Amino acid sequence: MVATLLHEIPLQGGDVTDGVVRVGETVRRPAGSFTPAVHSLLRHLEAAGFEGAPRVVGMDELGREILTYVPGTTGLNAMAASDRALAEVAVLLRELHDATAGFPLGTRGWQAGSNDDSAPEVVGHCDVTPDNVVFRDGSPRAFIDFDLARPTTRLFDVVTTLRHWAPIADPVDCPALLRGLDVGARLRLFCDAYGLGARDRRRLLDLARLRFHRSYDVMRARAATGGGWARMWAGGAGQRIRRAAAWLDSHEDSLRGHLV
Ligand SMILES: Nc1ncnc2c1ncn2[C@@H]1O[C@H](COP(=O)(O)OP(=O)(O)O)[C@@H](O)[C@H]1O
Ligand SMILES: [Mg+2]
């Protein structure tokens with residue numbers, strides 16, 4: 001065990017999970033009640049031939065999950081903010097969703113979160129932020145951090161992803177690289193690359209609004225559990241959701257024009 005600890009390299013970039021480390025070609029992450037469900041999903045994805053997710057190695061002597069380390073970079077940069085990257089994230093999300101076909105959607109144990117009212121169609125990642133996408137050779141190659149994965153609709157996962165990547169946010173809360181973008185055009189680009197149907201496009205902004213309201217309540221409840229969620233809440237996460245919802249309301253008409 002001492003030998004293991006000596007070679008642990010802390011991984012930064014996430015804002016929730018304390019104690020994510022790299023050990024050789026693996027990462028060790030604290031496990032939760034949701035870990036068995038997530039591992040069964042990751043094993044399904046491996047069997048389905050989906051390459052855009054880490055593989056499950058097992059559990060270590062400290063009760064942490066062991067996943068393969070996915071080489072590349074995470075986080076926002078000029079390349080990740082580009083329209084090309086946005087379209088490629090959409091394609092990767094489509095591939096993920098398609099690869100969950102056949103996975104039993106009745107599987108229990110997922111981390112609770114806001115969701116769509118419609119019946120689940122896929123297992124969504126539900127947290128596709130720039131910190132949770134690994135880029136390599138200029139393109140998004142894998143999603144990591146499946147802690148919030150759960151059965152949902154395709155559209156709900158699309159909306160969650162667009163919240164961070166379009167982004168659907170008040171510009172005052174956006175990193176400079178994501179400010180001043182044509183958000184409506186990026187919504188359409190993402191929907192086109194994903195291959196989202198007309199009905200889902202028409203419902204996209206309504207679901208985004210519903211998600212904001214539900215996410216606010218979910219985040220507040222999670223913050224009460226302490227740790228990284230409490231830090232996010234204390235750092236203004238709730239206010240950012242409120243501002244994003246207000247921004248969506250005031251830009252709804254022009255955004256909708258890109259989705260018909
Ligand atoms: N399997 C992995 N392969 C490569 N890098 C990883 C992996 N898991 C985590 N990381 C790195 O560690 C950071 C934080 O890990 P993450 O699992 O996203 O934790 P959090 O729950 O805090 O967001 C990620 O943004 C990424 O840079
Ligand atoms: Mg993360």
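Whatever order the structure lists them in is the order used to number ligands and atoms, beginning at 1. Since the model is a prediction, treat every value here as computed from it, not as a measurement.
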**Item:** Non-hydrogen side-chain atoms of Cys126 and Gln111 separated by less than 4.5 Å
**Value:** no
**Prompt:** Taking the side chain as C-beta and beyond, is there a heavy-atom pair between Ser114 and His213 under 4.5 Å?
**Reply:** no
**Request:** Run the numbers on Leu155 and Leu196 for side-chain contact (heavy atoms from CB on, under 4.5 Å), then give the verdict.
**Result:** CA-CA 8 Å; Leu155 183 61; Leu196 198 72; 3.8 Å; yes
Any idea which part of [X] is under 4.0 Å from ligand 1, heavy-atom wise: side chain, backbone, both or neither?
X     : answer
Val70 : both
Gln12 : backbone
Thr68 : backbone
Leu67 : neither

List the closest protein heavy-atom neighbour of [atom]: residue, atom name, distance to the nearest 0.1 Å.
atom                    : value
atom 22 (O) of ligand 1 : Thr17 N, 2.8 Å
atom 14 (C) of ligand 1 : Gly14 N, 3.4 Å
atom 25 (O) of ligand 1 : Asp131 O, 2.8 Å
atom 17 (O) of ligand 1 : Arg29 NE, 2.7 Å
atom 5 (N) of ligand 1  : Tyr69 CE1, 3.6 Å
atom 26 (C) of ligand 1 : Ile144 CD1, 3.4 Å
atom 15 (O) of ligand 1 : Val20 CG1, 3.8 Å

**Message:** Please give the atom name: the N, O or S atom of Asp145 nearest to the Mg ion (ligand 2).
**Reply:** OD2
**Prompt:** For the salt bridge (charged side-chain N to carboxylate O under 4.0 Å, His left out) test, which of Asp98, Asp116, Asp200 pairs with Arg154?
**Reply:** Asp98
**Message:** So that I can tick it off, tell me whether Asp253 and Arg256 are bridged by a salt bridge, with the cut-off set at under 4.0 angstrom between side-chain N and carboxylate O.
**Reply:** no
**Prompt:** Salt bridge between Glu61 and Arg64, side-chain N to carboxylate O under 4.0 Å?
**Reply:** no
**Asked** Parallel, tilted or perpendicular: which fits the ring planes of Phe143 and Phe146, with parallel below 30° and perpendicular above 60°?
**Response** perpendicular
**Message:** Would you say Glu65 and Thr35 are linked by a side-chain donor-acceptor pair, where the criterion is simply a distance under 3.5 Å?
**Reply:** no
**Asked** Does a donor on one side chain and an acceptor on the other come within less than 3.5 Å for Asn132 and His125?
**Response** no
**Among Val21, Leu11, Thr74, closest by any non-hydrogen atom to atom 12 (O) of ligand 1** = Leu11
**Message:** Within 2.8 Å of the Mg ion (ligand 2), is there any N, O or S atom belonging to Asn132?
**Reply:** yes
Using distance alone, determine whether [X] and ligand 1 share an N or O pair under 3.5 Å.
X      : value
Pro54  : no
Asp147 : no
Asp145 : yes

**Message:** Treating Arg179 as the side-chain partner and Cys174 as the backbone partner, does any N or O pair qualify as donor plus acceptor under 3.5 Å?
**Reply:** yes
**Asked** So, the side chain of Asn115 versus the backbone of Pro151: is there a donor-acceptor pair under 3.5 Å, distance only?
**Response** yes
